[in-house]
There are 2 protein chains.
Amino acid sequence: MTVTIYDVAREAGVSMATVSRVVNNNPNVKPQTRKKVYEAIDRLGYRPNAVARGLASKKTTTVGVVIPDISNSNFAEVARGIEDIANMYHYNIILCSADKRKDKEIRVINTLLEKQVDGLLFMGGAVTDEHKQAFKTANVPVVLCATTDEQNEIPSVDIDHEAAAYDAVKTLIGHGHRDIAMISGTLQDPSVGYARYQGYKRALQEAGIPEREDFVRVGNYRYESGIEAMGHFLEPDKLPSAVFAATDEMAIGAIHAIQDKGLSVPGDISVISVDNSRMAEMVRPTLSAVAQPMYDIGAVSMRLLTKLMKKEPVEQSKVILPHDVVKRNSAGAAQA
Amino acid sequence: MTVTIYDVAREAGVSMATVSRVVNNNPNVKPQTRKKVYEAIDRLGYRPNAVARGLASKKTTTVGVVIPDISNSNFAEVARGIEDIANMYHYNIILCSADKRKDKEIRVINTLLEKQVDGLLFMGGAVTDEHKQAFKTANVPVVLCATTDEQNEIPSVDIDHEAAAYDAVKTLIGHGHRDIAMISGTLQDPSVGYARYQGYKRALQEAGIPEREDFVRVGNYRYESGIEAMGHFLEPDKLPSAVFAATDEMAIGAIHAIQDKGLSVPGDISVISVDNSRMAEMVRPTLSAVAQPMYDIGAVSMRLLTKLMKKEPVEQSKVILPHDVVKRNSAGAAQA
DNA sequence: CTGTTAGCGCATTCAG
DNA sequence: CTGAATGCGCTAACAG
């Protein structure tokens, strides 16, 4: 049923070694022989068996990518960056979703390793000791992508989430705002949620603005939680003049909550966030946000991984990509 | 360096066959022996080599999934459905993105086949003869997912796009609208773009409404193109009273274009679309839309594939899942 | 219940 | 430039 390298050899009147050579683009084959082999391949419809090849060569030219949540557009964008660079270097990628669940992450890492991937890209999510344990038993390079290892033991590519938040809030302060509320993500997540909260605090502190506990609400990154969180700020006695949301979705929720109260954005309250997803352009007013270079994070981390896999020297094993605040129409000057 | 089944056998004082048996949960092993083997495995940190296993057993318990565009949330949702069912049946999945490019789709199908996947799920996009040719050489089952084969040669799971569009437009007609414009996707795409246009036409026809050529604009499924298309309808002499958009994004673009002209939705113009993405809840007014069961399409197609892979009988190889019109606030009664 | 023996399809020495 | 031989790590009969 399945045609093997051996069948091709017979058909072409050469040895299987020769067939193997032409399939692998080994230059030591006479052009004429090469031609004969190609013809035999076409005639028989031969398709190399990557599994057998992997076993014989101990390389699969495949890298495993674990993605926390495929339906999160940020991660999808990272994945695109990974894909593009992987293709460029002729690696295939196996994308595995882990539903943001740690146990599934570990399981997925292990099946990827069983499949003998040549390298591993771990995207998003916290990196615990258990993760590191799994990575350690891998005999292949691992790079973290859109997340970091606090102890700097594992190569990673990410942005500085604390600084991104800081810059967002500072933009607000630059507009003259002082009553700045924050709709945060979960503070349990050290690399993103907590870091952004830290950035918010640092910006306030630096401007000499005392932090008000009732000006911080924790959401779950989603639209609805933005509405809900904003609801708590929309009381006459504690109206903020600006709001910093940890994600675009929550920011859009906040904007709608504000508008539903008959107030205007940015006339009455300014809003800024971190993400700069496509949705930022799809709201009225358009959303000012700190842009994270998700595609680049993917691309750079994949590039780094290729170097590691080829045992090439790398200058930096922990890279931080720059972010950028994109001013649109949701944030403006504070009222006099 | 790498520890093999043979090392485990020696460590446990049994033969490699026995180790293989315990690893594969073969019941014919004395509990005591099993225990010894497990201990040896732990001690050595043995990890089965899926590549060798695949070569020996000619099965990889892996299915390949080609996805047109990973950053499209509809497809991401389908992928989630696939994932969940795959996990349930202990299959791994290899997700490959194809950038909506036919050449890349073909290439990806082939590398997946080289990797000896046990089955293939082809998501979205048109199915050409070239695709079929590639599928034919596969010795494994293939199912189309969120797309269909016009000739019904290949098993598929999808919704009836024509009927979905028809129902959307009919909803508008039910509200008393007669001047109904359409913002279509590309008419080149038979399974989605063209089908939705057909549904629009059929609904008008049935209601005895003559089709107006200047009431149809083709967009590219994106927000900006919705704005642009709507712009053409917003001329005094040909204002439609309702708009049917082929996607949520274009619908939202249309809504904003209408609002920017100082008109109201649905007061002046009603809008309805197909998709019912998360964004439908994230606009003001919230968007009425025909919901497509993307997750289910993924789940059902994966389930179908498992049956095919196990050579179980299947009652239906072409399944159409029901859609549903979700009424929100963007579509209302026509003005008297 | 357990061990022995062949391959799976291919890359890779090593000769020639 | 080409062929013969070996083994990658494991499963699957086949014996016992």
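We use all heavy atoms of the structure for the numbers below, so side chains are in, but hydrogens, waters and symmetry mates are not. A, B, ... follow the sequence lines: proteins, then strands. Residue 1 opens every chain. These numbers come from a predicted model, not from an experiment.
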What is the distance, to the nearest angstrom, from the [atom1] atom on [X] to the [atom2] atom on [N]?
| X | N | atom1 | atom2 | answer |
| --- | --- | --- | --- | --- |
| A/N25 | C/dA11 | CG | P | 11 Å |
| A/K115 | D/dG9 | NZ | P | 18 Å |
| B/K36 | C/dG3 | NZ | C1' | 13 Å |
| B/Y6 | D/dT11 | OH | P | 16 Å |

Does the side chain of [X] get closer than 4.0 angstrom to OP1 or OP2 of [N] through an N or O atom?
| X | N | result |
| --- | --- | --- |
| A/K58 | D/dG7 | no |
| A/N28 | D/dT2 | no |
| B/R53 | D/dG9 | no |
| A/Y46 | C/dC10 | yes |

Exercise. Taking for each residue the nucleotide of DNA chain C with the nearest heavy atom, is it B/P31 or A/T2 whose nucleotide lies nearer the 5' end?
Worked result: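 This one resolves to B/P31.
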Of the nucleotides [options], which one has an atom closest to the side chain of [X]?
| X | options | result |
| --- | --- | --- |
| A/S57 | D/dT2, D/dG9, C/dA11 | C/dA11 |
| B/L55 | C/dA11, C/dT2, D/dG9 | D/dG9 |
| A/N49 | C/dG9, C/dG7, C/dT12 | C/dG9 |

Exercise. Under 4.0 angstrom, heavy atoms only, what part of the nucleic acid is A/S20 near: base, sugar-phosphate, or nothing?
Worked result: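 Base contact - A/S20 has a heavy atom under 4.0 Å of at least one base atom.
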Side chains of [Y] and [X]: any donor to acceptor distance under 3.5 Å?
| X | Y | answer |
| --- | --- | --- |
| B/Y295 | B/D84 | yes |
| A/S71 | A/D69 | yes |
| B/N87 | A/K104 | yes |

Give me the distances for all protein-to-nucleotides 3-6 of chain D N/O pairs that come in under 3.5 Å?
unit_1 : atom_1 : unit_2 : atom_2 : d
D/dG3  : OP2    : A/S15  : N      : 3.0
D/dG3  : OP2    : A/S15  : OG     : 3.2
D/dG3  : OP2    : A/T18  : OG1    : 2.6
D/dG3  : O6     : A/R21  : NH2    : 2.5

